[in-house]
Protein chains: 2
Amino acid sequence: MHPLRRHIEEVISLEDAEFDHVLNHFTPIKKRKHQYLIQEGELINKEYWVVKGCLRAYVLDESGREHIIQFALEDWWVTDYQAFEKEVTSQIYIDCLEDCELLYITKSDREKLSQEFHKMERFWAKKTKFGYIASQNRVLSLLKNTAKERYELMSAQYPNIIQRVSKKMIASYLGVSRETLSRLY
Amino acid sequence: MHPLRRHIEEVISLEDAEFDHVLNHFTPIKKRKHQYLIQEGELINKEYWVVKGCLRAYVLDESGREHIIQFALEDWWVTDYQAFEKEVTSQIYIDCLEDCELLYITKSDREKLSQEFHKMERFWAKKTKFGYIASQNRVLSLLKNTAKERYELMSAQYPNIIQRVSKKMIASYLGVSRETLSRLY
DNA sequence: AATTTCAAGTGATGTAGGTCACAAATTGGA
DNA sequence: TCCAATTTGTGACCTACATCACTTGAAATT
């Protein structure tokens, strides 16, 4: 079964013809390690689904520090949602930490598919709800846990990310300096 | 015009009959200052919309500290989304900071309305997307800004919250101690 | 009107985590 | 295969913010 179908069918069920119709709206692309999907200042009309590889979404602050918003591994969706939804220019970067295979859908195709296909609207709505809940939990973790606790929670929740990305990246996701993270254990 | 109709029509348009049908799924309740809407350990099958008043959603950590997840003023939606969506018991408290008037809809009515009424699904999907974006921005602010900067950003973005709630509450939303917040200016 | 409770400011002191600097180990190009 | 870049660890020192303790004043509560 197509990996995207498996992924969607974790939430809603699809007929063969329905999935083919959905898949027709996606375009595959490949990117190599270090290449960018999105850079600051661009208008974003694509949402990406990771077939294979690993990416990060991050912002650069005035002092040049990187702050990681999100990692994306196989089966994850990624884009600059602020730019995508509000049709403003991106404030973030998304680049590949490994060679990547992706499928993307444009904003207009996503909307078209949601309109004509109630089930897909429900699928995306559910994904967004869960993303929102995860983000609220991350806020709470930043408010109530120490750096060490946050690292341990992340190790428990996303062991595969810990294995695949450098500690420097983990540090910049957790909101702690590289040096401090290195001294935690 | 009914305040809920005005609120919904900021996103989608509704006929008179359609709005009446939507409103029929909501139940009004009043709560006094200090009363709870939600307490830890409960199953949550209601989402609330604030007609009048001011509430906070917060967690209590092991050392008894309160961490505010969200404030809710007029026109805001509030519930424990984790408990509501995943049908698990609540880990949070929601209480009234002022006397409140609310409208609530149950989970099953919300789903029914979304099913039979594509427009309402779109309305809620949009609300969730925007909540998700706001939450990601809050994560970023916690990662990259100092306590003082976070306070200033909040003052600019939510001046009405700053005016209505105590500094102690603001501190526990910003992730800073009461004392430090008091020394910032 | 009296009493209790809560909000808010401020001094003194403690600490988690940041910053800078350097070295060793690992990875990746050309 | 060699050179350059990147990652990771670690020591020395610094700082933003926390904690504790106390005071004052304003709101609630009776």
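Given the structure is predicted, the values throughout are model-derived calculations rather than measurements. Letters A, B, ... mirror the listed sequences (proteins, then strands); counts begin at 1.
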Looking across every strand, which nucleic acid part, if any, lies under 4.0 Å from [X] by heavy atom: base, sugar-phosphate, or nothing?
X	answer
B:S182	base
B:S177	base
B:K148	nothing

Is the distance from OP1 or OP2 of C:dA7 to the nearest side-chain N or O of B:K167 less than 4.0 Å?
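It does not, given that no N or O in the side chain of B:K167 lies less than 4.0 Å from OP1 or OP2 of C:dA7.
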Taking 4.0 Å as the cut-off, does a side-chain nitrogen or oxygen of A:R150 come that near to OP1 or OP2 on C:dA16?
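No, because none of the side-chain N or O atoms of A:R150 sits under 4.0 Å from OP1 or OP2 of C:dA16.
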List the atom of A:H67, the atom of A:D61, and the distance in Å for their closest heavy-atom pair.
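Result for this residue pair: NE2-OD2, 2.8 Å.
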Please give, in whole Å, the distance from [N] [atom2] to [X] [atom1]?
X	N	atom1	atom2	value
B:K144	C:dG18	NZ	P	17 Å
A:R32	C:dG28	CZ	C1'	14 Å
A:L181	D:dT10	CG	C1'	14 Å
B:L174	D:dC17	CG	P	11 Å
A:E179	D:dC13	CD	P	16 Å
A:R65	C:dG17	CZ	C1'	13 Å

What nucleotide, of [options], holds the atom closest to the side chain of [X]?
X	options	answer
A:K33	D:dT8, C:dG28, D:dA28	C:dG28
B:T180	D:dC17, C:dA21, D:dT8	D:dC17
B:T146	D:dC17, D:dT19, C:dG18	D:dC17

Measure distances between side-chain N and O atoms of A:R183 and base N and O atoms of C:dG18, and say whether any donor-acceptor pair falls under 3.5 Å.
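For A:R183, whose side chain was compared with the base of C:dG18, there is no donor-acceptor pair (under 3.5 Å).
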Would you say the side chain of A:R178 and the base of C:dG18 hold a donor-acceptor pair, judged only by whether the two atoms sit under 3.5 Å apart?
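Per atom types, no contact qualifies.
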Regarding A:D20 and A:R5, does a basic nitrogen lie under 4.0 Å from an acidic carboxylate oxygen?
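Looking at A:D20 and A:R5, the cut-off is not met.
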Here's a test for you: under ring-ring contact (aromatic ring centres under 6.0 Å, His included), which of B:F123, B:W76, B:F19 qualifies with B:H7?
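The option that passes is B:F123.
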Do the non-hydrogen side-chain atoms of A:T146 and A:E149 ever get within less than 4.5 Å of each other?
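Sidechains of A:E149 and A:T146: in contact.
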Counting only heavy atoms not in A:E116, do more than 12 fall under 6.0 Å of its CD?
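For A:E116, atom CD is crowded (more than 12 foreign heavy atoms under 6.0 Å).
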